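Written out below as structure tokens is the structure these notes cover.
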Amino acid sequence: MPTPVLEVKNLKTYFKTGAGVARAVDGVSFEIARGETFALVGESGCGTSVTALSIIQLIQDSGFYGGGQILLNGRDVIPLSEKEKRKMRGNKVSMIFQEPMTSLNPVFTVGDQILETIMLHQKKSAADARAAAIEMLRSVKFPNPEAIFDEYPHRLSGGMRQRVMIAIALCCKPDLLIADEPTTALDVTIQDEIIKLIKELKESMGTAALLITHNLALVYNNAETVGVMYGGKIAELAPARALFKNPMHPYTIKLLRSIPGRAMRARPLDTIPGSVPPATAYAEGCRFSGRCPREMQGCAAIEPLLSSREPGHFAACHLYDSDFMKTPDSTPLHREAEILPIISTPPDMRETLVKAAGLKTYYPIRKGLLKRVTGYVKAVDGIDLTMKKGSTLALVGESGSGKTTAGKTIIRLIEPTGGEIFFKDARLTHLKESELKTFRSKAQIIFQDPYSSLNPRLTVGKIIEEGLLTLKPGLDRKARLEKIASTLGRVGLDAGAMERYPHEFSGGQRQRVGIARALAVDPEFIVCDEAVSALDVSVQAQILNLLKSIQRDFGLSFLFITHDLGVVKYVADEVAVMHQGKIVEHSATEELFSNPKHAYTKKLLAAVPRMGNDF
Ligand code: SF4
């Protein structure tokens, strides 16, 4: 058997924190063969990124190794000197990150940054290094590599920057490439290009890859082996196809069931109650205890070991330990709750709530000393949309297609340049701000990043009260407080949340606060602008279920702006596809996915990574 490129043996990477030692990676073992793609998946805080940073030896400050080995081509990298580690990075192992702009130096050209890596690791003349750099830019599919060589990173798009990062990472033909969420920040079509590119280059160079992602469809299509991490440990390890066909660990099963897709439309998504425990406070036994639907009497106290049921397929769960299952410790603690169906009004019985006709939003381009208008960016260029009561219209498209501007224009957060907006037959377009008050309480917006949209200096109670003071001035203080408490309860937060600040909540809880803020003023229409895009898949499932249930209870209409077509399949009754400021296709969700007509829709759908038939 040839030596694997990477062998991680019982790795422990810990951090000293104010709350004690955080066991971010706690006894992890796996290996990657030459040319293999190994995916590590898990929610934020489960240890996937720390594992990657340990392998490339970039653990800093309060971090330390509590034990184990990382063998790269059979040699342990942990005891190497800093000089040897620098030599190893870029040469033997290199890494690409989620946000390429933060890894590229804005003051140097693309060419300088590739040359720096080549000159550091290879003995080449300046002319040969330049030729190699240009060749590398060509192999990452830049049609004009010489021009890109002299460009600065800020002048490139997100997808182009990620290609530059791949060129830098692969220019010294490393044995191992680590890709940590390499496509998360990119549009779906660019995502597809980047993944294909990594695959192609990896195959031609025989490089092994460690892919870290929360996108399970990406894993299904690209990895040979998968490790699912939970609480700093491997919960399940298996060949990719076996894991997706027959997941064993309850955490993996829950993760797979929380993915939104067409098959789930009729019922709420499965969710994982609670959140990932902090790495300073793990249970003595199974770290998934407390959240696991199959938990048994002894799970929280006795640690499950990775055991195998089929060749190559391991799960760390007592359910697969025949000795444990014969003891009283195997008495189930609870049964999984019944999932209730969601019933919604048939589409043909819904009346029109909001209508946009010929809507335009143009931004002037000004040039010269006198800032004369020389042209317009047509962000929204004459679109027609109809949103029905109690239903969800998804607006999809890539970044820059104009969908967010369209959403904001429809609720008049941005002034339209032309066209009309109607709310229940009332013409809104020409109303002044003072005349818009009723509409403002009826139409709300929920943003992608709840943290930056919530004022960090105000308590949650004050944040929600602000909206009530402006839009419901008739309520006295007592009524306002009652309204805030009941709305928080409706989104799954207790009344105590009123006294707390946004930073005291997790990402999913903050998004609940964002929803409560919108819901408190009794809206009829909500624009959800990438409202679940920044959340882990299990938290995303909780928020999608919440949005669906408040839609059912309050008869709300949603304009759901998203680039995630899995989410669209789950939530939307109709879909409008936007491209370069125009709607290129608009139809019922089933129809759009089964029979797309416009070439751009076909391209968008073809770029979505799929798992089996229905994802
Ligand atoms: Fe659930 Fe127990 Fe298995 Fe842990 S060991 S995953 S708590 S059944």
Side-chain angles (χ1 to χ4, degrees), residues 10-12 22-30 39-48 51 214 216 219 225-240 242-259 269-339 506 508 536-542:
N10 199 22
L11 177 68
K12 295 180 179 171
R23 291 175 284 160
V25 176
D26 198 19
V28 162
S29 304
F30 62 91
L40 261 188
V41 300
E43 293 168 280
S44 319
C46 282
T48 51
T51 304
H214 66 266
L216 293 168
V219 173
T225 317
V226 187
V228 179
M229 276 189 87
Y230 187 83
K233 287 185 175 290
I234 299 273
E236 185 160 358
L237 182 72
L243 184 121
F244 284 95
K245 197 167 159 224
N246 182 24
M248 288 166 61
H249 197 284
Y251 177 59
T252 315
I253 296 170
K254 281 286 201 182
L255 269 188
L256 290 174
R257 285 199 198 152
S258 53
I259 301 171
L269 290 171
D270 211 348
T271 58
I272 308 176
S275 50
V276 177
T280 47
Y282 288 138
E284 223 173 279
C286 175
R287 292 174 184 185
F288 194 47
S289 61
R291 302 183 79 192
C292 176
R294 303 287 306 272
E295 185 170 349
M296 297 168 281
Q297 212 80 53
C299 289
I302 306 164
E303 187 179 345
L305 301 175
L306 268 181
S307 45
S308 166
R309 197 165 67 171
E310 291 159 24
H313 195 155
F314 301 88
C317 173
H318 292 309
L319 289 169
Y320 307 102
D321 176 346
S322 48
D323 291 338
F324 181 94
M325 293 307 284
K326 284 179 205 140
T327 67
D329 282 328
S330 66
T331 317
L333 275 190
H334 40 72
R335 293 213 170 275
E336 199 165 349
E338 195 58 26
I339 294 176
S506 67
D536 276 322
V537 64
S538 67
V539 182
Q540 184 189 73
Q542 293 170 6

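Both counts, for ligands and for their atoms, begin at 1 and track the order of listing. This is a predicted model, so every value here is computed, not measured.
Interatomic distance, Ser307 OG to Asp323 CG, rounded to the nearest 0.5 Å: 10.5 Å.
Using a 4.5 Å cut-off on side-chain heavy atoms (C-beta onward), Thr252 and Tyr230 make no contact. Residues Val41 and Met229 have side chains not in contact (no heavy-atom distance under 4.5 Å, counting atoms from C-beta outward).
Under a 3.5 Å cut-off, the side chain of His249 and the backbone N or O of Ala316 do form a donor-acceptor pair. When atom types are taken as modelled, the side chain of His318 and the backbone of Ile302 share a donor-acceptor pair closer than 3.5 angstrom.
Between the side chains of Tyr282 and Glu303, no donor N or O sits under 3.5 Å from an acceptor N or O.
Taking 2.8 Å as the limit, the number of protein N, O or S atoms around atom 4 (Fe) of ligand 1 is 1.
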